[in-house]
Number of protein chains: 2
Amino acid sequence: MLTAVSTETSDAVRKTLEYVRHHRLAKGDRLPSERNLSDRFGVTRSSVREALAVLDAMRITERKAKSGIFLRNTPDEGGLDALVLQADLGVTFDAQLTRDAIEARIICEEQAFRLACQRRTEADLAKLHGLLDTYAALAANGRNMADEDVEFHLAVAAASQNRILVRTITPLMLMSTRGRRRYFESAALRQRSLDDHRAFYAAIEARDEAAATALVHSHVYTAAADIWALNEAAAVAQDAGTPDKQT
Amino acid sequence: MLTAVSTETSDAVRKTLEYVRHHRLAKGDRLPSERNLSDRFGVTRSSVREALAVLDAMRITERKAKSGIFLRNTPDEGGLDALVLQADLGVTFDAQLTRDAIEARIICEEQAFRLACQRRTEADLAKLHGLLDTYAALAANGRNMADEDVEFHLAVAAASQNRILVRTITPLMLMSTRGRRRYFESAALRQRSLDDHRAFYAAIEARDEAAATALVHSHVYTAAADIWALNEAAAVAQDAGTPDKQT
DNA sequence: GGCCTTGATCTGGCCCTACCAGATTGGTAG
DNA sequence: CTACCAATCTGGTAGGGCCAGATCAAGGCC
């Protein structure tokens, strides 16, 4: 299930997980030292360290220098996401996957917005209002608001009080970072985005689920489509520069 | 954004990604050799290899033995998911996160089922029918159908023809693997699950979106809640055995 | 006894060399 | 131009070593 071929490293990953399972280690518990795991698994420390690097990257363990290896106690965010990294690296997704991402984002955001209408707290509103102010200021100065756009949408998702939903939407937004940055190079689109965000805020404040739903379908769909179109165009232009050497 | 502290390994990850970006490498392209990257980055091959292990685990690169390191050309599945691994390792999520996961799963599956009704192909129906037969046979023999349950739900998601949705739903289902296995130890629940799956199939075959939506809300909600309850109960029982040593 | 210093030991981070066997490649003979 | 072969390169793995901070128990001090 994990990997097709079995390397010492992937073995070490598997065996480490097995160890944790078998010994019923709980969050915060300490694993044996690298040297211990090394001869316990019958592989070199190098392989163990590679495995731990993987577990570290996905926030399963935490290696504290000169102290030990500990099971993380938080299903925390901050880990790397494959699709996001690939998108960031300029990997060109096929058109279907692009459409899928937009569709999935609309599905998740629509429900997140709906729940945000029901559950938003005053703190959420204040947070969103602050982001909106920043957004307006940037728009007025003709600055690129790509990062703030993501931040706003994630703040709305956070107002749904559903952390899993936030975690789900995050990569769907970050997948289109490149295109989004280009999207905000247009003054007209900056203005439209600002207007839409204001409408989003108003709907959430008024707990107007119908309006929020409609907004997601119109704004997110068109914006996401535009962003992805720009993303693809940039990728194509890039591919022209470095011809694709498929196997 | 990646990691708070800067280690040689995380540096190597970052520098490798930078290299790919800067050199405009496209999918399938080959990266410099480990030894090359090593002295290019000014770190040892060990560190480079740890970084590559991370990139490998998240399906960014592919290391072909005795050949080279290549950028993966598929935003493919199969990578490890942090939440899934943590759930599998028995990390106890707080009750809120559990509710969030159920809610998110219902949101995504409801739409996936709806789309499956619209888009399912004959091949999808055949696939689902085959899974249903297996499911019924297992149920008749009193076998645990936990894995097949996941497989069926993912097959339905696949029938939506949206790969991102499949990718999104997968971890949401696998997060509750432990509880699901216990769930299927009950003969009554096995029967109920079989009945529900048959209803699912019927709704998809008849393209009855309303029925599918209703089923998701009833079946998935109750089943997921039961599964998670068992999950939590097992985790608590386990914690009793190995007391939690919080920092 | 209780508290604090101290030193041996352990640990992760990093570096270095070496060997293996298959993949790759460049050149040579036909 | 093709077929073949040997030098070279590559990732996989092993095993050693050094460093400096963390850890912890022994022993001394009050």
Side-chain angles (χ1 to χ4, degrees), chain A residues 2-17 19-20 23 25 27-73 245-247, chain B residues 2-17 19-20 23 25 27-73 245-247:
Chain A
L2 298 186
T3 48
V5 292
S6 169
T7 66
E8 296 285 346
T9 298
S10 63
D11 267 8
V13 170
R14 193 169 38 72
K15 285 179 179 174
T16 304
L17 293 175
Y19 179 94
V20 172
H23 288 73
L25 293 192
K27 38 190 174 182
D29 280 354
R30 181 178 159 179
L31 278 72
S33 72
E34 296 180 349
R35 292 168 175 86
N36 187 315
L37 292 176
S38 168
D39 58 38
R40 184 189 296 269
F41 296 158
V43 299
T44 56
R45 188 151 86 104
S46 314
S47 300
V48 171
R49 279 190 62 79
E50 285 188 36
L52 291 176
V54 171
L55 295 179
D56 242 34
M58 50 192 48
R59 297 289 195 267
I60 300 297
T61 62
E62 183 176 7
R63 292 188 282 179
K64 290 187 179 176
K66 292 134 197 161
S67 176
I69 308 158
F70 303 87
L71 262 193
R72 272 189 195 270
N73 48 18
K245 312 189 244 325
Q246 282 288 54
T247 51
Chain B
L2 299 186
T3 48
V5 292
S6 169
T7 65
E8 296 287 345
T9 298
S10 64
D11 266 8
V13 171
R14 193 170 38 73
K15 286 179 178 173
T16 304
L17 293 175
Y19 180 93
V20 172
H23 288 74
L25 293 191
K27 40 190 173 182
D29 280 354
R30 179 178 164 179
L31 278 71
S33 71
E34 297 180 349
R35 293 168 176 84
N36 188 315
L37 292 175
S38 168
D39 57 38
R40 183 189 297 270
F41 297 157
V43 298
T44 57
R45 187 151 87 106
S46 313
S47 299
V48 170
R49 280 190 61 79
E50 284 189 35
L52 291 176
V54 171
L55 295 179
D56 241 35
M58 49 193 48
R59 299 287 194 268
I60 300 296
T61 61
E62 183 176 7
R63 292 187 284 180
K64 290 188 178 175
K66 291 133 197 160
S67 175
I69 308 157
F70 303 86
L71 261 192
R72 271 189 193 272
N73 48 17
K245 311 190 238 337
Q246 282 288 53
T247 49

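All values below come from the heavy atoms of this structure, side chains included, with hydrogens, waters and symmetry mates left out. Chain A is the first sequence line, chain B the second, and so forth, proteins listed ahead of strands; every chain is numbered from 1. The structure presented is a predicted model; accordingly, all values stated were derived computationally and were not measured.
Using a 4.0 Å heavy-atom cutoff across all strands shown, B/L52 reaches no nucleic acid atom at all. Among the heavy atoms of the strands lying under 4.0 Å from B/S33 are primed sugar atoms or P, OP1, OP2 only; no base atom is included. The residue B/S46 sits close to a base: some heavy atom pair falls under 4.0 Å.
Contact of the A/V43 side chain with the A/D11 side chain is not registered, since no non-hydrogen atoms from C-beta on lie closer than 4.5 Å. By the 4.5 Å heavy-atom criterion applied to side chains, B/R40 and B/P32 are counted as neighbours. Residues B/R72 and B/I60 form no side-chain contact, since every pair of their non-hydrogen atoms from C-beta on lies 4.5 Å or further apart. Taking 4.5 Å as the limit, every side-chain heavy atom of A/V54 sits out of range of all side-chain heavy atoms of B/D56.
When distances run from any side-chain atom of B/R63 to the nucleotides D/dG17, C/dC15, D/dG12, the shortest one goes to D/dG12. Nearest to the side chain of A/A65, among D/dT13, C/dG12, D/dT10, sits C/dG12. Checking D/dG17, D/dT13, C/dC15 against the side-chain heavy atoms of A/R45 singles out D/dG17 as nearest.
Between the CD atom of B/E50 and the C1' atom of D/dG11 there is a distance of 16 Å, given to the nearest Å. When rounded to the nearest whole Å, the span between CZ of B/R30 and P of D/dT10 equals 6 Å. At whole-Å resolution of the value, CG in B/L37 and P in D/dG11 are 8 Å apart. Between the CD atom of A/E62 and the P atom of C/dG13 there is a distance of 11 Å, given to the nearest Å. Regarding B/E34, its CD atom lies at a distance of 11 Å from the C1' atom of D/dT13, rounded to whole Å. The distance between atom NZ of B/K66 and atom C1' of C/dC20, rounded to the nearest whole Å, is 8 Å. One interatomic measurement links the two molecules: CZ of B/F70 to P of D/dT10, which rounds to 11 Å at whole-angstrom precision. Atom-to-atom, CD1 of A/I69 to C1' of C/dC10 comes out at 13 Å; the value is rounded to the nearest Å.
Residues A/R35 and B/L31 each lie close to DNA chain D; by heavy-atom proximity, the contact nearer the 5' end of the strand is made by B/L31.
No hydrogens or angles considered: a donor-acceptor pair under 3.5 Å links the side chains of B/T9 and B/E50.
When the side-chain nitrogen and oxygen atoms of B/T44 are compared with OP1 and OP2 of C/dC15, one or more of them lie within a distance under 4.0 Å. Put simply, B/S67 has a side-chain N or O that comes within less than 4.0 Å of OP1 or OP2 on C/dT24.
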